[in-house]
2 protein chains.
Amino acid sequence: MHLNQFWKSGKKALAGDKVTAQKPGAAMRIPNVYEKDCPTRLVLDHIADKWTALILWKLVDGPLRFNQIRRIVEGISQKMLSQTLKQLERDGLVSRRAFATVPVTVEYSITPLGHSLAEKMAAVSLWAQDNIDSVLSAQAKYDAGVDEIA
Amino acid sequence: MHLNQFWKSGKKALAGDKVTAQKPGAAMRIPNVYEKDCPTRLVLDHIADKWTALILWKLVDGPLRFNQIRRIVEGISQKMLSQTLKQLERDGLVSRRAFATVPVTVEYSITPLGHSLAEKMAAVSLWAQDNIDSVLSAQAKYDAGVDEIA
DNA sequence: GTAGCTAGTACCTAAAAGAAACTAGCGAGT
DNA sequence: ACTCGCTAGTTTCTTTTAGGTACTAGCTAC
């Protein structure tokens, strides 16, 4: 059974409520990120994230170990890396595999689901790189204008 | 002059350093989100954000007032909306126009720059809506597995 | 012996997010 | 007349999150 088809029932349905049978593929509710209790909102909060974008996109090129990622994604702390990877694994976007080497090595690789998201997030990273000039000059103009008024 | 072409010079260059002339379009440094001091990193942190994605995408359909956005983007607090809009305006992604009505109304509209980003971020929101089933079942599987081990 | 590698976790602090109350001036309802 | 609600925010407080640093174990190389 797909809980997610009835995502609002967990809150609204009373114990004993019968959920009418669904045709396969016919979702009961259309997921909508603009609804505050929709699970897509939580997922959007995980994935629309700096570290997620950076990590995921590097894993597209092939599996990487914990410390490899840490070196590539400059400025990420061990804590945030560990936390983000755990989140990504839970969401089914990356898979974790430990090898009984000495010392233990752990390999993170991207799943097909993660790959489809990585492409979308990469577009955002690329946008930032392509449009940094425009953004920085907009910021400069805005800051100058604020000074004028003040 | 485009300050952004020399984004690292602000930190590394000493007063009196001469920056050699650039051919038009030839940036001194290629912006790279993986470098921790690159300004693209800061911008990525702003834009890879839940509220930014939601607000920006709704503004594509036309200008909206403060409280209209607040009603559409369920669950956003006035503080976060105010803050996010200010950020978006500073980054040149939306423009703000106040009308001397009673009470004052303020209209937010998307800029061409904002529009180009909105498309990328919308792809991420849509991904969340399209793949929520896969993510939720991956989470369920992960949580069950963790229980097993524990 | 000790310094470094592996992949993390634990602790503490600093920053950000979120909830709620408050601003002011006017229109509408009772 | 009084209170409610509308406009667009700001202010304050609390809770959550992020970030930095130190620490773990067991092995290798110097």
Side-chain angles (χ1 to χ4, degrees), chain A residues 34-37 41-55 58-59 63-91 94-109 142 146 149-150, chain B residues 34-37 41-55 58-59 63-91 94-109 142 146 149-150:
Chain A
Y34 287 92
E35 293 179 27
K36 84 177 185 338
D37 292 325
R41 182 64 78 79
L42 289 166
V43 171
L44 183 62
D45 205 22
H46 297 164
I47 65 182
D49 172 75
K50 187 175 48 173
W51 302 129
T52 297
L54 295 173
I55 294 169
K58 277 297 166 182
L59 287 176
L64 290 169
R65 285 178 296 99
F66 186 89
N67 279 332
Q68 283 183 318
I69 302 172
R70 193 155 76 95
R71 282 186 288 266
I72 291 167
V73 181
E74 290 182 17
I76 194 168
S77 67
Q78 289 179 305
K79 196 191 107 182
M80 283 310 293
L81 179 55
S82 165
Q83 215 170 81
T84 306
L85 285 170
K86 217 175 276 178
Q87 187 84 259
L88 290 173
E89 194 195 352
R90 192 174 104 98
D91 289 348
V94 307
S95 59
R96 180 186 181 277
R97 213 149 51 108
F99 295 90
T101 53
V102 162
V104 193
T105 53
V106 177
E107 189 185 88
Y108 290 92
S109 47
Y142 180 90
V146 167
I149 295 157
Chain B
Y34 287 92
E35 293 179 28
K36 85 176 185 335
D37 293 324
R41 181 65 77 80
L42 289 166
V43 170
L44 183 63
D45 204 23
H46 298 165
I47 65 182
D49 172 73
K50 188 174 49 171
W51 302 130
T52 297
L54 295 173
I55 294 169
K58 278 295 166 181
L59 287 176
L64 290 169
R65 284 179 297 101
F66 186 88
N67 279 331
Q68 283 183 316
I69 301 172
R70 192 155 75 97
R71 281 186 289 265
I72 290 167
V73 181
E74 290 183 17
I76 194 168
S77 68
Q78 290 179 306
K79 193 189 108 181
M80 283 311 292
L81 179 54
S82 165
Q83 215 170 83
T84 306
L85 285 170
K86 217 174 276 177
Q87 186 83 259
L88 290 174
E89 195 195 352
R90 192 173 105 97
D91 288 348
V94 307
S95 59
R96 180 186 181 277
R97 212 149 54 107
F99 294 90
T101 53
V102 162
V104 192
T105 53
V106 177
E107 192 184 85
Y108 291 92
S109 47
Y142 180 91
V146 168
I149 295 156

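Just so it is clear: chains get the letters A, B, ... in the order the sequence lines come, proteins before strands, and each one is counted from 1. Because the structure is a prediction, the values reported are computed rather than measured.
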K.L.:
With sequence neighbours left out, what residues match A:P103 under side-chain contact (heavy atoms from CB on, under 4.5 Å)?
P.N.:
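With sequence neighbours excluded, A:P103 shows a side-chain contact (heavy atoms from CB on, under 4.5 Å) to no residue whatsoever.
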K.L.:
Taking atom C1' of D:dA18 as reference, at what distance in whole Å does atom CD of A:Q87 sit?
P.N.:
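From A:Q87 CD to D:dA18 C1': 14 Å.
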K.L.:
How long is the straight-line distance from CD1 of A:I55 back to CD of A:Q87, given to the nearest 0.5 Å?
P.N.:
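Output value for this atom pair is 11.0 Å.
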K.L.:
Angle between the end axes of the helix from C:dA7-D:dT24 to C:dT30-D:dA1, five pairs per end, to the nearest 10 degrees?
P.N.:
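The helix from C:dA7-D:dT24 to C:dT30-D:dA1 shows an end-to-end axis angle of 30°.
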K.L.:
What integer distance in Å separates B:Q83:CD from D:dG9:P?
P.N.:
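Taking atom P of D:dG9 as the reference, CD of B:Q83 is at 13 Å.
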K.L.:
Can you pull the contact range of chain A along DNA chain C, 5' to 3', using atoms under 4.0 angstrom from its heavy atoms?
P.N.:
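Footprint of chain A along DNA chain C, 5' to 3': C:dC5 to C:dC11.
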K.L.:
Among residues at least two apart in sequence or on other chains, which ones pass side chain to side chain donor-acceptor pair (under 3.5 Å) with B:S82?
P.N.:
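Expected list: none.
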K.L.:
Using whole Å, report how far CG of A:L54 lies from P of D:dA18.
P.N.:
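These atoms are roughly 15 Å apart.
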K.L.:
Sequence neighbours left out, what pairs pass salt bridge (charged side-chain N to carboxylate O under 4.0 Å, His left out) with at least one residue falling in residues 95-108 of chain A?
P.N.:
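Of all non-adjacent pairs touching residues 95-108 of chain A, those that pass salt bridge (charged side-chain N to carboxylate O under 4.0 Å, His left out) are A:R97-A:E107.
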K.L.:
For the pair B:T52 (side chain) and B:H46 (backbone), establish whether a donor and an acceptor sit closer than 3.5 Å, ignoring hydrogens and angles.
P.N.:
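Present.
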K.L.:
For A:R90, which residues count as a salt bridge (Lys or Arg N to Asp or Glu O under 4.0 Å) partner, sequence neighbours excluded?
P.N.:
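For A:R90 the salt bridge (Lys or Arg N to Asp or Glu O under 4.0 Å) partners, ignoring immediate neighbours, are B:D143.
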K.L.:
What integer distance in Å separates B:M80:CE from D:dT11:C1'?
P.N.:
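B:M80 atom CE is separated from D:dT11 atom C1' by 16 Å.
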K.L.:
How close or far is atom P of D:dT7 from atom CZ of B:R96, stated in whole angstroms?
P.N.:
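Distance check: B:R96 CZ to D:dT7 P gives 15 Å.
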K.L.:
List the protein contact pattern of nucleotides 21-30 of chain D with one symbol per nucleotide (5' to 3'): B for base contact, S for sugar-phosphate-only contact, - for none; contact means a heavy-atom distance under 4.0 Å.
P.N.:
-B---BS---
K.L.:
How long is the gap from CG on A:L81 to CD1 on A:I72, to the nearest 0.5 Å?
P.N.:
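The CG atom of A:L81 sits 10.5 Å away from the CD1 atom of A:I72.
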K.L.:
Using the closest heavy atom to pick a nucleotide of DNA chain D for each, name whichever of B:K86 or A:D49 lands nearer the 5' end.
P.N.:
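Here B:K86 is the residue nearer the 5' end.
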K.L.:
Which pairs pass salt bridge (charged side-chain N to carboxylate O under 4.0 Å, His left out) with one or both residues in residues 45-55 of chain A, sequence neighbours excluded?
P.N.:
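Of all non-adjacent pairs touching residues 45-55 of chain A, those that pass salt bridge (charged side-chain N to carboxylate O under 4.0 Å, His left out) are A:D45-B:K50, A:K50-B:D45.
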K.L.:
Give me each pair satisfying side-chain hydrogen bond (donor to acceptor under 3.5 Å, both in side chains) with a member in residues 66-79 of chain A, each pair once, sequence neighbours excluded.
P.N.:
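Output for this query lists A:N67-A:R70.
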K.L.:
Got a donor-acceptor contact below 3.5 angstrom from the B:Y142 side chain to the A:D91 backbone?
P.N.:
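It does not hold such a pair.
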K.L.:
Both A:D45 and A:S82 contact DNA chain C. Taking the nearest nucleotide for each, which residue is further toward the 5' end?
P.N.:
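The residue mapped nearer the 5' terminus is A:S82.
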K.L.:
Looking at NZ of A:K36 and CG of A:L42, how far apart are the two atoms once the value is rounded to the nearest 0.5 Å?
P.N.:
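So the gap between those two atoms works out to 12.0 Å.
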K.L.:
Where along residues 65-74 of chain A does a heavy atom come under 4.0 Å from DNA chain D, residue by residue in number order?
P.N.:
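Close to the strand, none.
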K.L.:
Nearest 0.5 angstrom please: B:I69 CD1 to B:L54 CG, how far?
P.N.:
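It is 11.5 Å, given to the nearest 0.5 Å.
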K.L.:
Whole Å only: how far is the CG atom of A:L81 from the C1' atom of D:dG20?
P.N.:
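Distance check: A:L81 CG to D:dG20 C1' gives 15 Å.
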K.L.:
Quick one: does B:R41's side chain have a donor or acceptor within less than 3.5 Å of a partner on B:Y34's backbone?
P.N.:
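Judged by distance alone, yes, a pair lies under 3.5 Å.
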K.L.:
Any base atoms under 4.0 Å from B:Y108, or only sugar-phosphate, or nothing? Heavy atoms, all strands.
P.N.:
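Touches sugar-phosphate only.
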